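Chain identifiers are assigned alphabetically (A, B, ...) following the order of the sequence lines, protein sequences preceding nucleic acid strands; residue numbering begins at 1 within each chain. Just so you know, these numbers come straight off a predicted model, no measurement behind them. What you see below is based on every heavy atom in this structure, not just the backbone, and it leaves out hydrogens, waters and symmetry mates.
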There are 2 protein chains.
Amino acid sequence: MGFGLNRLERQALLHQAIEENPFVTDEQLAAQFSVSVATIRLDRQMLAIPEARERIRRLAEGLQDSVRALEADEVVGTLSELSLNHFAVSTFTVERIHVFSRTEVARGHFLFAQINSLATALIDAKIALTARSELRFYRPVFLQDTVTAKVEVIAQRGRVSKCKAVSYVHDNLVLGGFIWMLANPLAITERFQSAAWVTLDEEDMF
Amino acid sequence: MGFGLNRLERQALLHQAIEENPFVTDEQLAAQFSVSVATIRLDRQMLAIPEARERIRRLAEGLQDSVRALEADEVVGTLSELSLNHFAVSTFTVERIHVFSRTEVARGHFLFAQINSLATALIDAKIALTARSELRFYRPVFLQDTVTAKVEVIAQRGRVSKCKAVSYVHDNLVLGGFIWMLANPLAITERFQSAAWVTLDEEDMF
DNA sequence: GTTAGTCTTAGCACCAGGTACTAAGTGCCG
DNA sequence: CGGCACTTAGTACCTGGTGCTAAGACTAAC
């Protein structure tokens with residue numbers, strides 16, 4: 001592989017190879033292209049491609065960022081309005097990872113996740129968990145669409161808040177229904193001992 | 001910070017510190033805990049914590065894996081049984097990214113995602129979309145728990161399948177309810193022109 | 001053919017962030 | 001006081017690099 005290439009050809013392929021597998025070392029690349037390690041290093045320098053350890057570190061940092069973003073925001077989508085215990089609005093742009101590759105239609109659970117995150121942020125409590133949901137999915141959402149969701153508290157009984165949820169793409173209703181949130185469930189750390197949670201029955205779900 | 005600790009205290013905090021920031025080097029840790037680099041190395045060895053470069057590499061590899069998994073699978077969780085148009089079972093182990101960091105309780109939308117993915121896989125059609133859901137969340141699920149979900153077609157009218165959905169951790173009911181799936185929606189590519197989809201009304205939702 | 005220029009290579013010193021091991025403290029406990 | 005757990009310093013070695021210089025190979029122009 002990679003014999004009889006001139007410098008420009010090799011550099012183009014080099015770029016590609018590193019993109020494909022960022023974990024590859026200069027030594028492996030040298031073997032792959034039948035040149036010396038020194039040549040690979042010069043090529044990398046010309047192409048401004050960082051060394052393997054740096055490439056790996058950047059990958060890992062990207063991951064770190066996304067994990068942190070998820071932890072920090074607690075919201076899928078970007079929160080644009082928030083009035084605690086009243087209503088909240090977020091927008092969410094559908095990316096490649098959210099769609100069925102064949103049809104470019106967003107998977108339903110991402111639409112649910114937006115609503116669910118929004119409802120979690122809306123409840124003014126240290127901890128808020130989803131207790132129930134009733135949702136209708138009216139229209140498919142496509143790659144690149146921006147979905148605007150609004151969740152609104154419409155009733156509250158004890159620790160349970162009933163919220164009305166809707167989401168739109170432009171003026172087209174995408175999803176609508178209700179989601180019930182439970183604030184500060186007792187004894188959350190006593191795994192599956194949390195009686196207060198389990199005993200919520202239909203009566204509590206107004 | 002970190003003065004006057006004995007070995008066990010220091011090792012516990014060390015574990016925590018590295019988990020929080022996997023990019024930290026032994027030198028930084030040594031400074032943080034006011035001990036020598038050698039001590040940190042011995043501690044890491046005892047705790048079987050790999051070196052910084054290895055930690056970073058694993059993070060980066062995990063990222064690659066997870067991106068691929070999401071693109072490849074189409075299913076959140078691992079499909080363990082599938083009888084098309086009849087029932088399907090999957091398991092899903094709750095990881096760090098799925099939980100609220102404070103409480104280590106899984107976010108509701110991941111539980112939904114498991115059910116939704118399973119229902120999508122279950123319907124024997126080129127394309128299947130979520131049309132409606134009614135779910136109760138009975139118990140919180142924690143980090144490291146393995147959730148087993150079953151979705152079962154209980155009725156079918158035209159292109160709509162009504163499915164019963166449940167998920168458990170061991171024998172504890174976590175989530176239960178119904179999800180309606182729409183098979184082969186017409187004109188899916190005509191964005192928001194898909195009349196057949198929008199005109200589904202309550203009548204169709206048996 | 002010679003010469004100039006480009007491209008490639010080898011060799012060397014140096015670096016961070018380690019591993020693996022030995023030897024020498026240090027502090028506390030009975 | 002001895003003995004043991006713990007900590008530290010020091011050494012040699014490792015990988016996957018950087019940065020530099022000097023030398024060789026090839027080509028193209030004169």
Side-chain angles (χ1 to χ4, degrees), chain A residues 1-68 71, chain B residues 1-68 95-97:
Chain A
M1 174 173 185
F3 290 92
L5 297 165
N6 68 28
R7 201 193 45 163
L8 290 173
E9 289 169 336
R10 187 187 57 238
Q11 289 186 349
L13 290 177
L14 186 73
H15 200 107
Q16 222 178 303
I18 291 176
E19 201 130 300
E20 251 168 54
N21 174 203
F23 295 84
V24 71
T25 65
D26 288 0
E27 205 156 339
Q28 292 170 337
L29 289 166
Q32 194 174 327
F33 290 99
S34 307
V35 292
S36 72
V37 172
T39 302
I40 296 294
R41 304 246 232 255
L42 287 173
D43 285 347
R44 267 202 304 101
Q45 200 158 32
M46 274 184 239
L47 299 171
I49 296 170
E51 58 168 292
R53 288 198 283 240
E54 180 62 19
R55 295 194 299 266
I56 292 169
R57 211 182 52 81
R58 289 190 190 176
L59 269 182
E61 277 188 343
L63 171 69
Q64 195 75 356
D65 284 351
S66 70
V67 170
R68 279 195 192 140
E71 286 186 40
Chain B
M1 171 173 189
F3 290 93
L5 298 165
N6 68 27
R7 200 193 48 160
L8 290 173
E9 291 170 334
R10 187 187 58 237
Q11 288 185 349
L13 290 177
L14 186 73
H15 201 107
Q16 220 178 306
I18 292 176
E19 199 132 301
E20 247 167 57
N21 174 205
F23 295 84
V24 72
T25 65
D26 289 358
E27 205 156 340
Q28 292 169 338
L29 289 166
Q32 193 175 324
F33 289 99
S34 306
V35 292
S36 72
V37 172
T39 302
I40 295 294
R41 305 245 232 254
L42 287 172
D43 285 346
R44 268 203 303 102
Q45 199 157 31
M46 274 182 239
L47 300 171
I49 297 170
E51 58 167 298
R53 288 197 282 241
E54 180 63 19
R55 295 194 299 266
I56 292 168
R57 210 183 52 83
R58 288 188 192 177
L59 269 182
E61 278 186 343
L63 171 69
Q64 291 244 319
D65 285 352
S66 69
V67 170
R68 280 185 197 147
E95 289 166 39
R96 197 104 240 160
I97 56 158

Q.
Between B:Met46 and B:Arg53, which residue's closest nucleotide on DNA chain D lies nearer the 5′ terminus?
A. B:Met46

Please check this pair: side chain of [X] against backbone of [Y], looking for a donor-acceptor N/O pair closer than 3.5 Å.
X	Y	value
A:Arg55	A:Val24	yes
A:Gln28	A:Thr25	yes
A:Arg58	A:Pro50	no

What is the distance from [atom1] of [X] to [atom2] of [N], rounded to the nearest Å?
X	N	atom1	atom2	result
B:Arg57	D:dG17	CZ	C1'	16 Å
A:Asp43	C:dT6	CG	P	17 Å
A:Arg41	D:dG16	CZ	C1'	7 Å
B:Ile40	C:dG17	CD1	P	15 Å
B:Gln45	D:dC6	CD	C1'	15 Å
B:Phe33	D:dT7	CZ	C1'	16 Å
A:Leu42	D:dA22	CG	C1'	14 Å

Would you classify [X] as touching base, sugar-phosphate or nothing, given that sugar-phosphate means primed atoms plus P, OP1 and OP2, and contacts are heavy atoms under 4.0 Å?
X	result
A:Glu27	nothing
B:Arg44	sugar-phosphate
A:Glu54	nothing
B:Val35	sugar-phosphate

Q) B:Gln28 side chain N/O closer than 4.0 Å to the phosphate oxygens (OP1, OP2) of C:dG17? A) no

Counting side-chain heavy atoms from CB outward, which of [options] is closest to [X]?
X	options	value
B:Ser36	C:dG18, D:dA9, C:dA20	D:dA9
B:Thr25	C:dA10, C:dG17, D:dT8	C:dG17
B:Glu51	D:dG17, C:dG17, D:dT7	C:dG17

Q.
Looking at B:Glu27, I want to see if its CD is surrounded by more than 12 non-hydrogen atoms of other residues, nucleotides or ligands under 6.0 Å.
A. no

Q: Just do the side chain to side chain contact (heavy atoms under 4.5 Å, CB included) check on B:Arg10 and B:Thr39 with the steps written out, would you?
A: CA-CA 10 Å; B:Arg10 187 187 58 237; B:Thr39 302; 3.4 Å; yes

